[in-house]
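Structure first, then comments.
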Number of protein chains: 2
Amino acid sequence: MSKTRKVKLSDIAKEAEVSIALVSYVLNNRHPDRIKKETAARIKKIAKKLNYRPNPLAKGLRTQKSNAIGLILADLANPFSAQIARIIEDNVIGSDYILLIGSMDENMDKFRKLVDTFVNHSVDGLIIVSPENAIKEIKAIQKQGIPHVLIDRYFPELPFNFVGNDNFFSTRSCVEQLVGNGRKSIGFITHDTDYFHFHERKRGFVTACHEFGMNTENKVMEVALSDLNTNVDRAMATLLAKNPDMDAILFSTSVLTLYGLKYAVRNQLNVPERIEFMGFDKAEYYDIFPSPIPYYEQPLEEIGKRAVDFLMLEIAKPGAQTVREIVKGSLKVAKPLIEKS
Amino acid sequence: MSKTRKVKLSDIAKEAEVSIALVSYVLNNRHPDRIKKETAARIKKIAKKLNYRPNPLAKGLRTQKSNAIGLILADLANPFSAQIARIIEDNVIGSDYILLIGSMDENMDKFRKLVDTFVNHSVDGLIIVSPENAIKEIKAIQKQGIPHVLIDRYFPELPFNFVGNDNFFSTRSCVEQLVGNGRKSIGFITHDTDYFHFHERKRGFVTACHEFGMNTENKVMEVALSDLNTNVDRAMATLLAKNPDMDAILFSTSVLTLYGLKYAVRNQLNVPERIEFMGFDKAEYYDIFPSPIPYYEQPLEEIGKRAVDFLMLEIAKPGAQTVREIVKGSLKVAKPLIEKS
DNA sequence: ATAGTTTATTTAAACGTTTAAACAAAATTT
DNA sequence: AAATTTTGTTTAAACGTTTAAATAAACTAT
């Protein structure tokens, strides 16, 4: 019922008949050579017996560290965000840190508020999926010397720490794959935003098409981030109307792929015989679709791990390094449906 | 570059030429009647000018509160977990709390470690999706007087705070719906676990079937929590083999539904003409399937909101109340695919 | 014997708040 | 004019740690 009073250093000190400082030294392994073995052993034993847990608030207050890291996502409810969050969680927990998570909903005010709250709670570092046009805000974080790393989205012209997917490579290799499958006229459905990673995906697509001697006139549809059902529907219709010979469509995110698949089902497109679909990001639901959907898989595990690793390094020795890792994912082409892990 | 020193009470005090205590009183609105209006105004103005942010660690250390709440989920990467997390996030952030999130992966050790870490970081409260057989652990939390509330899963025989879906009602009304659609022989695919909520779902199914004069012999398949692809496949095959006349299948989670749909696609089941599928929980991917999938939708928004509301109340005045809210969701029957929000 | 080292431990300040209690000055009551 | 109350503010301890500096005791070395 009543909150059991927590064991603190002074309790151990009393029982061991030593000073608080000595207990602290022992438990933090501070001056191992200076401290008598037996005393150390005794203190450790008592600490264990009493099930001592350091108070992170006191510790944090004193050391100016909180052993917490903040993760700012686009939207936790979005499977992509959730997946990356989970990966980061695993990496962070291992280092005995706790993870604060917040969604900014592509909204600058929410983003600012999250940064503010997290910094205020003295997070030791931030992992950030940035909203559009957040350059000023990220710079401020940088200036304040708060260890941080951007993931997924970044600003190429600025020296921010970043680890993320090679977006140019990704769409480029999708096109390559489709061409390899004999496709001759490929459409691309992506978003209409200022995000650099979307620009890159488009650039990858267009560049590859040109390389393979295909034109991209009327083949790139950029839809708004909102109201996807309607917008993707319209985009698909336009794409198909303007390109009667189109024999493949590449999507720029898994959600766009989802809506594309919905369209295909609804309109009974002959996939993949007449027209092949290619998705972006892994998604469980691809194989509800009657035919296998090949896709490009971002190396999320790697991104999460590297981001956390870097952040930990940066926390340990601030300012010592910067990072810009553009990692490549891989193409997942249809396996027999039966054989899925 | 260098960390900008944070503004603290003493900075304000100095500039306002008053004591630290007075600043604290003013900023916390402590003795409003006791403090001279002008002084208060001056202090507030300076605080705003200096952009003062209280240090949560110091505050927490002194007041024994952290303004953080911990959320323990099954697995953040699972869309169901992610959705509920997002809802809770929104409700928590509004109250100026921060949210710590962890996944326990149905694993007792991880669960214990999470509770431990969170409690250690002095969370003011816990929202818990419990693993199997965690009664002892929850009791310990209760005994320690840590405000908490279970969601999704619970232990009916014990007086734990809980808010969650009415699982008996949910499957019961699914059967009702299917019978209303003229279905005469219904199968049920669920999990083989000790979780009470799964027992309830099964009980709801069985009870309803009997009410409607259907037997349930060989119609309930309970698959393990792991290796779903194989296990659901096998369960589906068995179900259909043993019940040649079966004209509907109800699933017990959205993930089971997903695998069911995969099976249907792979085996070209005639859905819904010959056999109707009914899902559990909302999932975007249902409408990739060629025919609309009706489903029972848990009232997640309500669950999240009520859980947080209760927790806040409990944090404000501990021990004053308990809660056990079993809330009902609703059936979502097929709308024309074109018209989706 | 005395000074200098080494070894083992303690003292005390600090981190940034909150808050009970003390205090001083002004206003009010006797 | 003395005593009391009210008003406005300050003092100082406390929360649970960490850590530089001080200290004390036990050994060298001279």
Side-chain angles (χ1 to χ4, degrees), chain A residues 3-44 46-47 50-68 96 119-124, chain B residues 3-44 46-47 50-68 96 119-124:
Chain A
K3 222 164 256 190
T4 44
R5 211 181 56 76
K6 287 203 61 179
V7 176
K8 45 192 165 178
L9 286 185
S10 60
D11 298 319
I12 301 175
K14 195 175 293 170
E15 183 152 346
E17 298 181 297
V18 294
S19 71
I20 292 179
L22 191 56
V23 178
S24 172
Y25 285 140
V26 169
L27 265 27
N28 291 296
N29 208 35
R30 250 319 103 90
H31 300 302
D33 41 334
R34 228 85 185 64
I35 295 164
K36 212 170 157 185
K37 292 259 183 178
E38 297 98 78
T39 322
R42 186 158 40 98
I43 289 174
K44 279 182 185 155
I46 294 174
L50 299 182
N51 190 28
Y52 169 75
R53 301 309 163 109
N55 178 328
L57 270 58
K59 194 168 195 153
L61 178 59
R62 178 59 228 244
T63 59
Q64 309 288 26
K65 295 185 71 268
S66 60
N67 264 258
D96 248 327
V119 169
N120 218 238
H121 274 258
S122 307
V123 291
D124 296 335
Chain B
K3 222 164 256 189
T4 45
R5 210 180 57 79
K6 284 204 64 178
V7 176
K8 45 192 165 178
L9 287 184
S10 60
D11 298 319
I12 302 175
K14 195 175 294 172
E15 182 151 349
E17 298 181 299
V18 294
S19 71
I20 293 178
L22 192 55
V23 177
S24 173
Y25 284 139
V26 168
L27 264 26
N28 291 297
N29 209 37
R30 253 312 108 90
H31 299 302
D33 42 334
R34 228 90 181 58
I35 296 164
K36 209 167 157 186
K37 293 261 184 177
E38 296 99 76
T39 322
R42 185 157 42 98
I43 289 173
K44 278 181 185 156
I46 293 174
L50 298 182
N51 189 29
Y52 170 73
R53 300 308 162 109
N55 178 328
L57 270 59
K59 195 170 194 148
L61 179 58
R62 178 60 228 241
T63 60
Q64 308 289 23
K65 296 183 72 267
S66 61
N67 265 260
D96 249 328
V119 169
N120 217 239
H121 274 259
S122 306
V123 291
D124 295 334

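Hydrogens, waters and symmetry mates play no part in the numbers below; they use all other heavy atoms, side chains included. Letters A, B, ... are given to chains in the order of the sequence lines, protein chains preceding strands, and every chain is numbered from 1.
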C/dC15 phosphate, OP1 or OP2, under 4.0 Å from B/N55 side-chain N/O: no

Intermediate values then yes/no, side chain to side chain contact (heavy atoms under 4.5 Å, CB included), A/I46 and A/D11: CA-CA 9 Å; A/I46 294 174; A/D11 298 319; over 6 Å; no

Touch class at under 4.0 angstrom, heavy-atom based, for B/S24 against every strand present: base

Residue mapping more 5' on DNA chain C - nearest nucleotide basis, B/R34 or B/K59: B/K59

Contact under 4.0 Å: B/Y25 side-chain N or O vs D/dT7 OP1/OP2: no

Separation of D/dT19 P from A/I35 CD1 (nearest whole Å): 13 Å

Contact under 4.0 Å: B/T39 side-chain N or O vs D/dT9 OP1/OP2: yes

Phosphate-side-chain proximity, B/R62 and C/dG16, N/O vs OP1/OP2 below 4.0 Å: no

Donor-acceptor under 3.5 Å (B/D124 side chain, B/N67 main chain): yes

Out of D/dT17, C/dT11, C/dT18, whichever nucleotide has its closest atom nearest the side chain of A/Y52: D/dT17

Between C1' of D/dT7 and CG of B/D33, the distance in whole Å: 10 Å

For atom NZ of B/K36 and atom P of C/dA27, their distance in whole Å: 10 Å

Spacing between A/L50 atom CG and D/dG16 atom C1', to the nearest angstrom: 16 Å

Gap between atoms NE2 and C1', on A/H121 and C/dC15 respectively (whole Å): 17 Å

Interatomic distance where CG belongs to A/L27 and C1' belongs to D/dT19 [whole Å]: 15 Å

Sugar-phosphate only, base, or nothing, as touched by A/I20 at under 4.0 Å among non-hydrogen atoms: base

D/dG16 OP1/OP2 closer than 4.0 Å to side-chain N/O of B/Q64: yes

Pairwise 5' ranking along DNA chain D for A/K8 and A/H31, keeping only the more 5' one: A/K8

Test item: B/N55 side-chain N/O and B/L57 main-chain N/O as donor-acceptor pair under 3.5 Å: yes

First of B/V18 and B/A58 reached from the 5' end of DNA chain D, by closest nucleotide: B/V18

Expected output: side-chain A/S66 to main-chain A/S122 donor-acceptor under 3.5 Å: yes

Sugar-phosphate only, base, or nothing, as touched by A/S10 at under 4.0 Å among non-hydrogen atoms: nothing

Side-chain touch A/N28/A/K59, heavy atoms, less than 4.5 angstrom: yes

Nearest-Å distance for atom pair CG/P, residues B/D11 and C/dC15: 11 Å

Nucleotide D/dT11, atom P - distance to CG of B/L22 in whole Å: 11 Å

